[in-house]
Amino acid sequence: MFPLSRLPKPLLNPVRRLMVGMVIFSVIALWGFCTGPVHAAPDTKAPERVTLQLKWLHQFQFAGYYAALAKGFYRDEGLDVTIREGGAGRPVVATVLKGDAHYGIGDSDLLIDRINGQPLVALAAIFQHSPYVLMSRADRGIRSPSDLVGARVMLSDGQGSIQLRAVLKREGIDPQRVNILPQTWKLEDLIEGRVDAMSAYSTVEPALLRARGVAPATMRSLDYGVDFYGDILFTTEAQAAKAPERTAAFLRATRKGWEYAFTHEQEIADLITGMKGVRQRGLTRAALLGEAMQMRPLVLPDLVEIGHLNPGRLESIARTLVSLGMVKADYSLAGLMFEPRTGLHPGLVRWLAGAVFGVVALLALVFLWNLQMRRSVRERTRQLQTEVLRRTEVQQQLKVSQDMVQLMFGTAATGIVMNTPDGRFLMANPAYYAIVGYTEAELQAMDTRELTHPDDRVRYAAQRDRMLAGELESFSDEKRYVKKDGSAVWVHSTVSMVRSASGEGTHVISVTEDITERRAIQDKLHQSEALLRIAGRTARIGGWMLELSSDHVVWSDEVCKIHEVPPGTTPSLQEALQFYVSPEWRGKMEAVVEACIDSGTPFDEEMEIISAGGRRVWVRVIGEVVRDDSGHVIRLHGSTQDITERKQAQESILRLNAELEERVRQRTSQLEAVNRELEAFSYSVSHDLRSPLNTIDGFSQLLERMARDKVGEQGRHYLSRIRAGTRQMGELIEGLLSLAKLARDPLRAGAVDIAKIARQVVQACREREPERAVEIHIQEKLLALGDQLLLSVVIQNLLGNAWKFTSLQPSARIDVGCQTGEDGEAVYFVRDNGAGFDMAYADKLFGTFQRLHSSTDYAGTGVGLATVKRIIDRHGGRVWAKAAEGQGATFYFTLGAVVVDSPAVAV
């Protein structure tokens with residue numbers, strides 16, 4: 001190229017003036033061409049009207065859309081947007097599919113709808129982590145999905161129900177076992193106990209519940225491996241295909257709105273407060289700002305581009321749904337994500353056309369100026385384009401890495417927390433919040449060093465100080481945290497220091513694992529080992545093991561003590577049998593050990609051994625085999641117990657038993673002799689005492705007949721008294737004979753119907769005194785096991801007393817029945833409303849000839865209740881009474897273990 005500098009000076013200046021003029025003309029033409037159409041466009045095209053359907057009522061949850069509308073971001077994109085409130089009666093997906101709205105806000109449930117054939121297209125996910133939780137009252141004790149079995153739970157189809165059902169299935173709980181009710185979104189249902197739990201937004205409902213004075217408890221699906229998107233902006237395939245430029249414009253403006261909302265929270269909170277119905281629902285400015293703070297860790301506006309949708313994450317969610325049986329395995333997500341066209345905005349096209357025109361003119365001028373410069377610019381442009389592409393790829397890789405790091409951070413099972421070196425909280429993952437029991441807001445107001453248990457604080461602080469001083473890069477420690485509820489939780493914490501380029505510590509990162517259960521197991525193991533050692537010393541029992549490969553027996557310390565050898569002694573099998581087993585037992589022990597090794601036969605033998613000190617000791621030896629994976633015997637193990645004292649005690653017991661048997665034989669002979677004497681005495685009383693009494697009674701009766709008119713009224717009274725005395729004496733003799741007979745006659749047990757006996761006794765009483773009106777109640781099927789004859793005597797005495805002592809009552813009543821005692825035994829009773837007695841004298845009731853009433857008022861010998869007690873005692877039971885003077889009495893008795901003299905009959 002011919003350089004201009006070589007032109008003659010007279011010609012050079014006109015050329016330069018011509019070039020300058022061309023440049024000025026090109027710039028003016030470029031400016032006019034580029035700016036004219038762009039500014040004229042708004043005047044010629046009206047804004048396009050679109051409708052956005054919210055899924056719920058106005059609150060900070062939709063702040064980005066309000067900001068985009070209020071700040072004119074939608075208007076700048078040529079859109080006239082109407083934001084319509086949602087609610088329980090306006091399903092979002094159905095509204096958009098019917099065409100009543102262009103765009104809507106849904107949840108990850110959209111994946112199921114898409115897989116099932118609904119033509120839905122996702123534009124953006126505002127919440128990177130779903131805000132849905134399952135909320136209950138803290139005092140209900142619902143802490144895990146297993147607590148929901150049988151509980152009443154309100155869920156809303158299309159608003160988080162899928163992920164909550166996914167949690168149940170992931171935890172192995174059939175949703176059919178949970179009583180799922182339609183969602184009313186009324187906190188009163190939860191507060192007043194009509195339901196046990198309900199789905200809720202973690203950013204809204206828990207705060208509202210606390211404002212009502214009720215402490216909430218929440219369960220997050222993220223803590224159980226279910227992490228879905230939330231608040232997904234979507235449209236239909238028809239809308240996306242029909243108006244892709246409008247959809248892209250709506251998405252750009254929405255993102256601007258959300259960016260503005262999170263940088264101007266107070267302004268947007270004021271804007272929402274003024275919306276219709278917001279104040280009426282009790283939403284204050286402070287509540288909206290609190291909601292905004294709760295939304296940040298879910299939206300992640302400082303880490304992730306607002307609205308970011310990751311295809312890999314959507315695939316992961318779909319695979320989770322497949323594994324839980326919620327969608328088919330051959331699903332396809334093709335077409336789910338919106339892909340804007342690569343075409344440019346018309347105004348931008350016109351601007352670029354003008355720019356191209358100007359650039360062409362300038363390039364032509366530059367071409368005339370210097371061809372070499374053009375080549376340099378072309379090379380530099382190529383380098384810049386390469387650099388831009390490289391940086392774009394790096395940014396995309398960085399974005400993917402950030403998403404993966406955030407996903408790992410959020411779903412990690414171990415707690416991760418970042419603090420400043422002076423203990424101020426910066427951030428943590430959900431697992432850490434679950435470990436310490438505090439929320440993010442509560443931790444931000446604390447010195448996190450105070451979370452360490454006071455007993456562990458000094459040791460932990462010493463290691464932390466060494467790390468801060470540069471002596472350690474990291475350290476691990478097991479310590480306790482003090483949770484919000486005051487309880488202690490054991491954790492294994494790995495602490496690392498993040499330093500700046502200058503070496504100064506900037507952040508402290510702790511990876512924390514809850515090891516409370518493991519520590520509890522270790523403590524129980526240590527306790528068990530200690531108890532085992534104590535039990536071994538107390539019971540004098542120890543363990544042994546024979547390794548066949550080495551042919552040596554390993555004895556525990558207790559076994560060494562039994563053999564009186566030093567701890568750690570390990571004799572060979574032959575030495576153990578030769579030197580420690582007594583000769584008379586050696587052959588048998590060799591045989592059982594050989595059989596155990598050859599055929600795996602376990603053994604349990606008692607034998608005598610000879611200790612190293614020469615003492616003969618009785619031991620019990622138990623052994624069994626241990627096999628390898630191939631079934632071959634590789635070792636024997638078992639236990640050895642010193643049973644010398646037991647053997648000596650057994651020998652003593654045998655001697656004592658022999659002595660006792662001899663004493664029993666002697667005592668039996670003596671008792672038989674006494675019984676014979678008692679029987680002879682009974683016959684003597686029967687014949688020697690009854691004969692005079694009968695004589696006295698007979699002559700008194702004869703005298704009364706012969707001299708009735710001669711002895712007068714007083715004489716007849718005396719004769720009557722004599723006859724009554726003889727009859728009473730006869731009854732006393734009968735009672736004494738009955739008592740004596742009870743001690744002699746054998747007890748014959750069988751099935752006894754007490755109700756039948758009672759009815760017979762009552763019938764006899766009515767026949768003797770037909771003029772009396774007594775109300776009798778006898779319980780049916782009063783079955784017992786005992787002696788039929790003796791129990792008849794018991795019922796005759798108790799019912800006879802009840803009949804007698806109700807004789808002065810105008811409305812007499814007697815009850816016979818059975819009830820269950822405190823220890824489950826059958827307690828029979830006879831109750832009356834008669835004269836009763838003073839409980840102060842109850843200890844005299846069952847003594848012979850003891851009476852609590854005058855014989856002039858109520859006849860009797862005082863032997864009946866003594867007879868009752870003797871019979872009940874022979875049955876192994878108890879008899880007692882409760883009464884009050886003038887208010888009747890109740891006699892109770894039980895029948896214990898009956899010693900039978902003949903085969904018992906089952907009841």
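Proximity of a side-chain donor or acceptor of Asn310 to a complementary backbone N or O of Gly312 within less than 3.5 Å is detected. The backbone N or O of Thr439 sits less than 3.5 Å from a side-chain atom of Glu442, completing a donor-acceptor pair.
Between Phe250 and Tyr103, the ring planes lie parallel to each other; the angle is under 30°, not in the 30° to 60° tilted range.
A salt bridge is absent between Glu205 and Arg212; no separation between the charged side-chain nitrogens and carboxylate oxygens falls under 4.0 Å. Under a 4.0 Å N-O distance rule, the pair Asp147/Arg140 does not qualify as a salt bridge.
Applying the salt bridge (Lys or Arg N to Asp or Glu O under 4.0 Å) test to every pair with at least one member in residues 122-138, sequence neighbours left out, gives these pairs: Arg137-Asp139.
Within 6.0 Å of CZ on Arg424 lie no more than 12 heavy atoms contributed by other residues, nucleotides or ligands. Counting heavy-atom neighbours within 6.0 Å of Lys483 NZ, excluding the residue itself, gives a total above 12. Heavy-atom neighbours of Glu188 CD from other residues, nucleotides or ligands within 6.0 Å: above the threshold of 12.
The side-chain heavy atoms of Gln128 and Tyr229, taken from C-beta on, include a pair separated by under 4.5 Å. Contact annotation: the side chain of Arg519 approaches that of Glu478 to within less than 4.5 Å [non-hydrogen atoms, C-beta and beyond]. For the pair Glu265/Met295, no side-chain contact is recorded, criterion being any heavy-atom separation below 4.5 Å from C-beta on.
When only modelled atom types and interatomic distance are considered, Glu315 and Tyr331 share a side-chain donor-acceptor pair under 3.5 Å.
Closest of all the heavy-atom pairs between Ser476 and Thr494 is OG-OG1, 3.3 Å. Taking both residues in full, the closest heavy atoms of Tyr260 and Ala67 are given as CD2-CB, 4.2 Å, listed atom of the first, atom of the second, then distance. Smallest separation of non-hydrogen atoms from Gln61 and Asp231: NE2-OD2, 3.0 Å. When all heavy atoms of Tyr460 and Ser510 are compared, the closest pair comes out as OH-OG, 4.3 Å. The minimum heavy-atom distance between Ile306 and Arg255, with the atom names listed, is O-NE, 2.8 Å. Closest of all the heavy-atom pairs between Asp196 and Ile142 is O-CD1, 3.7 Å.
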Between Asp107 and Lys55, does the salt bridge (charged side-chain N to carboxylate O under 4.0 Å, His left out) criterion hold? Intermediate values first, please.
CA-CA 10 Å; Asp107 289 299; Lys55 65 176 180 178; 2.8 Å; yes
